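Input: a single structure, listed below in structure tokens.
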Amino acid sequence: MRVVMKFGGTSVGSAEAIRQVAQIVAESRREHEVVLVVSAMNAPDLRTTDSLIAAAKAAAGGNGDATAQIVPKLLALHLRVAAELAPPAECAALEVELRAMLDYMSELSRSIAVLGELTPRALDLFSGLGERINARLIAAALRGVGLSAAAVDATGLIVTDDRYGMAAPLMAETREQTRAVLLPMLSAGQVAVVTGFIGATRSGVPTTLGRGGSDYSCSILGSVLDAHEVWFWKEVDGVLTANPKVVPEARTMAHLSYSEMGEMAYYGANVLHPKTVQPLVQRRIPIRIRNTFNPTHPGTIISADQGEGNAKAVTAIKDVSLITVGGPGMLGLTGVAARIFGAVARSGSNILLISQASSEQSVCLAVAKADAEAAVAALREELMRDFSAHDVEHIGVIDCTIVALVGSGMRGTPGIAGRTFGALGQAGINIIAIAQGSTENNISLIVAPSDSDEAVRVIHRSFADGSRSAVPA
Ligand code: ASP
Ligand code: MG
């Protein structure tokens, strides 16, 4: 099978970690065609991308030597790791190449200091450098364990628009270029070590896909190469049924559907972002989350398959404000909902949850706490006339947490809501508001911040204990 796999910054953050990566790749290579996507190194004492960005900004502030100051540190880190993993001849060649790349950045940094201006286009040159040096280091490490491997800059593969710092891929062109470069390498039995995070415009100017963009790079490449599977190697065994800091008995799920993953990401779980994996979802390519430091664990597979079971996971979004707009005249007041949502949108706030009972006496909506003040101000302005007419009488705001129970199998399964509310009632936890979309993929509850951890535990337990549940104990 053809597998595109990505290792994040911590998975390649030290010589031991990269040694582990080399073993995983060697093992996978025995059975599969392998394309690797790598992030910049996140060493315990040096976060490469952050430090490059900081240096570029310092240059713009007038410190032309900022880059030259971090160059020795970056060079020392990468060469120290290389010395442990690659033969001396490889290390010597790598040193020449890395020095040239880093010297160029020091030069650029001095020019930026003279101009006193850092354009997003120039910043992309700096921020993407960590991936470019790391791909070369990792390719050398793979050759060190006897694999045929070569580093490839994604500037020659991923074609993007020119929104520097947040570029979007042009998929048709990317498909053509990537296949032209990588397919011959795969046919020749080579492992391609591709830089995450970066691409280039049609005219070849380097861009980046946004912070944390290596996951996106991996999805794009998996999609255009028609990979059979795409693996994201992380520092956890897979996707968990709940946050283990809150629920000690949380478990790794063997399987999740794309839509469940989307719901979970939305509701605060630290899984892949839906936008990131959209190129894979579109082509129905299965995704696996695996643990670099526990590679025999099968991880979580995420696919179009809806799987079985009902409730799968419980997540929570904290620091939320629930805004309630109410008044006796709201009953049958046509258009008031549209005006409420329009006002909140104009304030730039994203609405996380909406609930209105059919008595129409109030509408409540949840936004991030940081957005609440602006949202309420916009509502007061919009509803001024309705206040004077006493159609609307109050706008209330309270701090809360959204707790969400996720699982596509809940659709058409009676009793899930009952079981959830029953368990919360027994635990003495008050539910402030409830929302469930008609897709029935998730049930969202609003509770007081002080109840949120206990609510997550209680709901998780109620499904873990039940015989009909997909959260087996
Ligand atoms: N190195 C980039 C960043 O730190 C991309 C990534 O790690 O995914 O944002
Ligand atoms: Mg990262």
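Just so you know, ligand 1 is whichever comes first in the structure, and atom 1 is the first atom listed for that ligand. None of the values given here were measured: they were computed from a predicted structure.
A salt bridge links Glu454 and Arg457; the closest N-O separation between the charged side-chain nitrogens and carboxylate oxygens is under 4.0 Å. At a threshold of 4.0 Å, the pair Asp226-Arg2 does not count as salt-bridged, since none of the basic side-chain nitrogens sits closer than that to a carboxylate oxygen. Note on Asp45 versus Lys73: no salt bridge recorded, every NZ/NE/NH1/NH2 to OD/OE distance being 4.0 Å or above.
Residue contact check for ligand 1: Gly130 places no non-hydrogen atom closer than 4.0 Å to it.
Ring geometry, Phe7 versus Trp233: the interplanar angle falls under 30°, so the pair is classed parallel (tilted spans 30 to 60°).
Just one residue in the list Val406, Asn442, Leu256, Asn441 forms a side chain to side chain contact (heavy atoms under 4.5 Å, CB included) with Lys312, and that residue is Leu256. Among Ile220, Ile285, Ile302, Leu272, the single residue meeting the side chain to side chain contact (heavy atoms under 4.5 Å, CB included) criterion with Leu280 is Ile285.
Within ligand 1, the atoms closer than 4.0 Å to a non-hydrogen atom of Ser39 are 6 (C), 7 (O), 8 (O), numbered from 1 in the order shown. Close approach of ligand 1 to Arg211 is summarised as follows: ligand atoms under 4.0 Å from at least one heavy atom of the residue are 3 (C), 4 (O), 9 (O).
Contact annotation: for Glu131 versus ligand 1, heavy atoms closer than 4.0 Å belong to the side chain alone. When heavy-atom distances to ligand 1 are checked against a 4.0 Å cut-off, Ser214 comes that close through both its backbone and its side chain.
For a threshold of 3.5 Å applied to N or O pairs, the pair formed by Gly212 and ligand 1 contains at least one separation below that value. Checked against a 3.5 angstrom limit, the closest N/O atoms of Lys6 and ligand 1 fall outside it.
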